[in-house]
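Being a predicted model, the structure only gives us computed values, none of them experimental. Throughout, protein chains are lettered first and strands after them, A, B, ... in sequence-line order, and every chain is numbered starting at 1.
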2 protein chains.
Amino acid sequence: MWLNYIVNTYSFMKEHEKNTEQKILDAAEDVFMIKGMSGARMQEIADKAGINKALLHYYYRTKDKLFEKVFEKAFKIFIPKTLGMMSSDKPVIEKIEFFVNNYISLLYKHPFIPSFVLSELNRNPQILVNIFEKNIQFTENDILENFDKQIKTEVEAGILKPVDARNLMVNIIGMCIFPIIGRPVIQGVLFENNKAKYNEFLKQRKEFVKEFIINSIKA
Amino acid sequence: MWLNYIVNTYSFMKEHEKNTEQKILDAAEDVFMIKGMSGARMQEIADKAGINKALLHYYYRTKDKLFEKVFEKAFKIFIPKTLGMMSSDKPVIEKIEFFVNNYISLLYKHPFIPSFVLSELNRNPQILVNIFEKNIQFTENDILENFDKQIKTEVEAGILKPVDARNLMVNIIGMCIFPIIGRPVIQGVLFENNKAKYNEFLKQRKEFVKEFIINSIKA
DNA sequence: ATTTGATTTAACCAATTGGTCAAATTTACG
DNA sequence: CGTAAATTTGACCAATTGGTTAAATCAAAT
């Protein structure tokens with residue numbers, strides 16, 4: 001359709017109106033996210049995109065290249081946003097409240113990404129190195145260093161108990177991410193496989209986690 | 001070798017002394033754990049076990065049956081032990097200290113199981129239902145209910161702040177498990193991909209996590 | 001209308017994969 | 001020993017998989 005180049009500019013367009021490249025990427029995301037790299041089939045991606053398998057290879061030459069695109073997109077949704085949530089000049093407690101709110105919302109919006117990214121990364125940690133090489137200057141170390149100093153300042157000001165920044169970060173992310181990654185186990189073992197109960201559980205997590213952290217580190 | 005049935009009884013035996021069935025199971029564990037169900041190759045398992053591929057199918061008829069055995073073993077190492085650590089009549093704080101110590105040790109001993117189990121479970125949650133059907137009466141609900149009551153008692157006794165048992169469990173497990181599941185990201189982003197620094201980090205986690213939890217829930 | 005370049009398709013291919021089978025070898029046992 | 005059962009092997013197969021190719025279609029500029 002010759003109108004494509006106009007229509008494609010807008011996000012309210014429906015499936016058949018998108019250009020092929022985007023349709024492929026969306027389909028690939030769906031399939032890779034659930035089946036993983038080795039479980040995904042090029043034919044299934046083609047079917048879901050409503051195109052021919054040869055066309056898939058016309059746009060993204062190999063499975064690996066397509067996978068790389070999908071993985072990198074998923075990875076970039078999380079890591080930079082995660083670190084971004086930590087960089088502001090709010091006091092630590094407020095920063096943590098902000099972080100937990102936004103991070104859990106992000107997880108709720110993309111529930112399949114964490115399991116996908118972490119399991120593929122466990123299977124092939126080399127992917128990370130490639131991403132690092134491509135995106136030369138990640139400022140994550142500055143952010144961490146900054147957070148560390150801020151904590152120390154507030155400890156001396158008598159606002160916080162002494163606490164290691166890295167350990168704290170791992171605690172926070174672990175508490176947020178585990179209910180998502182471990183959904184099948186949690187829903188099965190803790191909630192008798194009741195989907196509604198699990199969702200209800202998720203809804204009250206934000207408040208519980210925030211209170212739990214603050215109780216622990218407030219002086 | 002006709003001595004096999006004697007030799008195999010003991011655990012100090014070397015690879016070539018084990019019986020074929022066990023050699024296969026060990027090899028399958030190695031391969032499935034790292035490559036996952038769809039990434040694993042029967043040929044690789046056979047090679048690693050030092051046997052013929054046909055022999056693999058002689059002992060475990062299909063890939064699915066072999067996978068099921070490996071998965072169930074991995075799953076059973078964690079879930080029952082995890083719940084077991086919660087069932088004692090120690091006071092809550094002591095119970096949590098005991099749990100964190102033992103759970104992190106367990107994770108340290110089997111670092112590939114959590115990622116393997118959770119990612120396969122995310123890809124096919126049905127597996128859980130099958131396991132539940134096989135092992136009819138899991139007593140996890142009693143244990144949870146018990147833990148909940150115990151907390152309420154200690155809250156009324158002024159020992160603990162009010163805290164929901166399920167949320168607390170998810171927090172504890174999340175904090176313990178995330179450093180293992182997220183190893184590539186943590187090592188890469190937090191520790192400049194330095195293996196030694198990551199290991200050092202793991203070593204001090206027990207103390208940090210215990211203190212973090214207790215600080216949070218102690219009245 | 002013709003040409004040019006980008007897009008799309010159907011048919012095909014070589015390699016891999018899970019799985020089988022009949023024959024050979026080894027083990028257990030009378 | 002001899003023989004029956006269990007174990008092990010090499011050769012093989014059908015299906016699947018990622019990927020290719022040449023031809024067809026389409027959009028747009030001359």
Query - Aromatic ring pairing B/Phe208/B/Phe212, orientation class (parallel under 30°, perpendicular over 60°, tilted between) - result: parallel
Query raised in the report: In terms of ring plane angle, is the pair A/Phe78 and A/Tyr103 parallel, tilted or perpendicular, where the classes change at 30° and 60°?
Result: perpendicular
Query raised in the report: Taking everything shown except B/Lys206 itself, do over 12 heavy atoms lie less than 6.0 Å from its NZ?
Result: yes
Roughly, in whole Å, what's the span from [atom1] in [X] to [atom2] in [N]?
X	N	atom1	atom2	answer
B/Ile51	C/dG19	CD1	P	14 Å
B/Leu66	C/dG18	CG	P	11 Å
B/Leu56	C/dT20	CG	P	12 Å
A/Leu55	D/dT25	CG	C1'	13 Å
B/Lys65	C/dG18	NZ	P	17 Å
B/Glu44	C/dG18	CD	P	10 Å
B/Glu21	D/dA6	CD	C1'	13 Å
A/Tyr60	C/dT7	OH	C1'	14 Å

Query raised in the report: According to a strict under-4.0 Å criterion, is A/Tyr58 in side-chain N/O contact with OP1 or OP2 of C/dA6?
Result: no
Requested in this report: Would you indicate, yes or no, if D/dT8 has its OP1 or OP2 atom less than 4.0 angstrom from a side-chain nitrogen or oxygen of B/Thr20?
Outcome: yes
Report task. With the side chain of A/Tyr59 defined as its heavy atoms from C-beta on, choose the nearest nucleotide among D/dT8, C/dT9, C/dT8. Result -> C/dT8
**Report entry** Cationic N near anionic O, under 4.0 Å, A/Glu200 to B/Arg166
**Finding:** no
**Report entry** SB check A/Lys134 A/Glu68 (cutoff 4.0 Å)
**Finding:** yes
Query raised in the report: Are the aromatic rings of A/Phe32 and A/Phe116 close, with centres under 6.0 Å apart?
Result: no
**Report entry** Geometric cation-pi criterion, A/Lys69 with A/Tyr60: 6.0 Å, 45°
**Finding:** no
Query raised in the report: Base, backbone or nothing for each nucleotide of nucleotides 12-19 of chain D, written B, S, -, heavy atoms under 4.0 angstrom, 5' to 3'?
Result: -----SBB
